[in-house]
2 protein chains.
Amino acid sequence: MSGDERSAGDLRNTGMALKHDREWDYELDRVVDAVADRDASTVGLQFPEGLKRRGPAVADDLRSILPDDVRVMISGQPCYGACDLDTFLLKRTDVFVHFGHSPMKESDKIIYVPLFSNVDVEPIITEALDELEAPTEATELGLVTTAQHMNRFDEMRSLLEAEGYEIQTRRGDERLTHEGQVLGCNYASAEVSAEQVLYVGGGKFHPLGLAMEHPEKRVVIADPVNNTVSVADTEKFMKQRYGAVHRAMDAETWGVIFCTKIGQGRWEIAQEIVEDNDNAYLITMDEVTPDRLLNFDLDAFVNTGCPRITTDDGPRFHKPMLTPGEYRIAIGEEPLEGLSFDTFHGTW
Amino acid sequence: MSGDERSAGDLRNTGMALKHDREWDYELDRVVDAVADRDASTVGLQFPEGLKRRGPAVADDLRSILPDDVRVMISGQPCYGACDLDTFLLKRTDVFVHFGHSPMKESDKIIYVPLFSNVDVEPIITEALDELEAPTEATELGLVTTAQHMNRFDEMRSLLEAEGYEIQTRRGDERLTHEGQVLGCNYASAEVSAEQVLYVGGGKFHPLGLAMEHPEKRVVIADPVNNTVSVADTEKFMKQRYGAVHRAMDAETWGVIFCTKIGQGRWEIAQEIVEDNDNAYLITMDEVTPDRLLNFDLDAFVNTGCPRITTDDGPRFHKPMLTPGEYRIAIGEEPLEGLSFDTFHGTW
């Protein structure tokens with residue numbers, strides 16, 4: 001493979017329009033040490049979707065520093081988060097490296113390499129000051145970020161404290177690894193008294209979920225990668241969700257999805273729905289995709305797995321796809337006003 | 001669920017254009033017996049894609065005759081063959097029913113329900129006589145079919161023998177359950193001396209594979225479901241394969257897919273390719289789909305798993321997707337004339 005073509009930090013053609021280049025530290029020394037410690041003959045590597053194209057180059061680097069007889073394998077399973085641990089490859093390799101997410105399942109042979117962003121957060125924090133209420137008006141400020149920016153969390157805090165804010169952070173619950181960290185399915189770290197929260201990170205899903213989960217708070221989004229500051233607006237998102245709930249209100253038959261991935265199996269919730277509804281059928285799967293549900297002739301679906309699939313991919317399914325809470329609204333058990341964001345709490 | 005909407009044999013909107021209706025016998029009595037024998041509290045059901053829409057109705061029927069406390073779950077994993085056994089649901093249920101395919105993995109708790117077609121084969125056998133060389137010219141005739149028509153195999157044989165043919169059949173190798181049966185990846189049952197072979201069944205894939213594997217034979221296709229008779233024509237298929245091989249000849253980097261499904265793991269073949277080629281990377285996955293390979297920035301792929309994915313879905317991948325044999329042609333190890341159909345032999 002030519003080094004020119006795929007230099008470090010090159011995310012061209014990844015579908016990610018990044019204003020800043022990012023370089024990642026793959027911490028290959030840790031892998032080499034683990035291979036020696038465990039006398040490993042096989043190493044499995046798993047990358048998030050956005051970094052899969054870097055996989056072969058990382059495998060090359062690793063092969064060049066590992067003993068010749070060690071075999072390196074790359075996971076081809078979809079990977080969007082810590083839940084997407086490739087348990088097949090994990091079982092079949094002596095050392096397994098999961099890049100880019102916080103630890104979920106702990107095991108001696110798993111190495112979690114966090115891939116912290118090296119993007120400077122100071123410019124975007126400065127820009128966010130214009131959007132935040134001034135510290136003289138609202139001294140308290142919640143601060144949250146995602147796994148890849150956790151390495152800059154103390155710096156963010158200091159910058160904001162220097163401006164006069166009293167920063168409120170917490171670790172959230174057991175599902176979260178770090179203080180101030182949010183997941184797409186958990187915003188417990190934002191449960192602070194401050195009425196405004198600054199989210200530092202990419203994407204709209206996390207801050208929207210945060211704003212839905214904490215409707216009384218103003219959520220300011222500082223995206224250090226795309227260099228944009230905005231305020232989370234839940235209206236469009238809510239409209240889409242209300243639309244799905246309304247369309248599902250006429251459903252006679254329901255598919256209740258139980259996701260078999262670690263960290264996504266809400267068994268009791270799925271069982272409860274099926275037991276209370278004779279026209280509900282429990283369907284088990286790992287990847288929940290529109291293709292897989294196409295052949296099921298049911299009127300609507302409830303996804304007890306990742307809420308991100310339900311809400312982000314919802315419009316791509318051929319039938320309405322609801323969260324468990326939305327299902328209860330659609331069947332008339334809860335009022336429409338009760339619509340909220342679906343989150344996972346507690347342990348995995 | 002309304003019984004009117006989904007009567008037995010109703011395959012409307014399944015994407016399968018069937019000239020004949022089919023009724024299936026789901027053999028639910030066997031499931032009820034197994035639940036009693038095993039004192040089961042959970043039952044898993046797995047249907048092939050074309051029958052997934054019947055799943056909820058079968059679950060209803062089953063729930064009506066099973067004790068109230070037995071929970072019925074349906075697999076949502078893709079299922080196109082016996083390899084696609086849902087091992088997750090298998091592990092999590094006391095009785096597991098796999099519909100529509102021959103047994104692959106044997107286990108006390110798995111019930112294989114074959115779902116034999118009830119379509120009459122006599123009309124299509126009669127029609128096929130016009131396409132076959134007359135028994136006075138070529139007395140020997142090979143006869144093969146797929147799992148769903150195995151129940152009519154003796155009848156097919158008798159009809160043809162009555163016309164004066166000497167029918168040649170064999171069980172093939174360990175991968176095949178029945179005499180005369182072919183799989184999409186195994187045509188050993190057609191290894192007979194006859195120069196013409198009659199294939200009774202739906203679809204083009206099996207007879208094309210058969211014709212590719214046995215290029216010296218004339219393969220007549222009698223499709224009793226769509227009521228058509230034709231002769232297998234490998235030319236178009238070969239052109240598509242030559243096209244893929246040619247496009248892959250410039251490839252510098254290769255993804256070598258190792259499929260983790262039972263029955264599809266050709267580990268030695270995958271290892272051999274990776275060991276001999278520094279620019280080849282082993283990628284493991286269960287479902288091999290175009291989406292999953294999109295994020296890998298490699299020039300071409302070799303699929304050591306199901307040949308049907310490589311050949312049927314080949315054009316849908318963003319880069320050339322080859323069988324192991326085609327790979328050896330593309331890298332110049334074998335001559336272009338060596339192109340053949342990829343099959344799996346021996347045990348699973």
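Residue numbers start from 1 in every chain, and the chains themselves are labelled A, B, ... in the order their sequence lines are given, proteins ahead of strands.
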From A/Gln77, A/Glu287, A/Arg292, residue fulfilling side chain to side chain contact (heavy atoms under 4.5 Å, CB included) relative to B/Glu287: A/Arg292
Can you confirm whether B/Asp86 sits close enough to A/Thr284 that some side-chain heavy atom of one is under 4.5 Å from a side-chain heavy atom of the other? yes
With only heavy atoms counted, which part of B/Val274 is less than 4.5 Å from chain A, the side chain, the backbone, both or neither? side chain
Can you tell me which portion of B/Trp254 sits under 4.5 Å from chain A's heavy atoms? Options are side chain, backbone, both or neither. neither
Can you measure from CD (B/Glu49) to CG (A/Leu294) and round to the nearest 0.5 angstrom? 9.5 Å
Determine, stepwise, if the pair B/Asp291 / A/Thr289 fulfils side chain to side chain contact (heavy atoms under 4.5 Å, CB included). CA-CA 11 Å; B/Asp291 271 3; A/Thr289 64; over 6 Å; no
Rounded to the nearest 0.5 Å, what separation is found between the CZ atom of A/Arg54 and the CG atom of B/Asn295? 13.0 Å
So, the part of B/Arg92 with a heavy atom under 4.5 Å from chain A: the answer is neither
What do the steps show when you test A/Phe296 against B/Ile74 for side chain to side chain contact (heavy atoms under 4.5 Å, CB included), and what is the final call? CA-CA 10 Å; A/Phe296 284 105; B/Ile74 301 170; 3.7 Å; yes
Rounded to the nearest 0.5 Å, how far apart are CG of B/Asn279 and CG of A/Asp60? 7.0 Å
Measuring heavy-atom distances to chain A, does B/Ala270 have an atom under 4.5 Å in its side chain, in its backbone, in both, or in neither? neither
Which one of A/Thr260, A/Leu89, A/Leu293 has the most heavy-atom pairs closer than 4.5 Å to chain B? A/Thr260
State, to 0.1 Å, how close A/Arg63 and B/Asp278 come at their nearest heavy-atom pair, and which atoms those are. NH2-O, 3.1 Å
Could you check if a side-chain atom of A/Tyr281 sits within less than 4.5 angstrom of a side-chain atom of B/Val72, using non-hydrogen atoms only? no
What is the distance from atom CZ of B/Phe258 to atom CZ of A/Phe88, rounded to the nearest 0.5 Å? 5.5 Å
For residues A/Leu298 and B/Pro56, determine if any side-chain heavy atom of one lies less than 4.5 Å from a side-chain heavy atom of the other. yes
Under a 4.5 Å heavy-atom cut-off, does chain B meet the side chain of A/Ala280, its backbone, both or neither? backbone
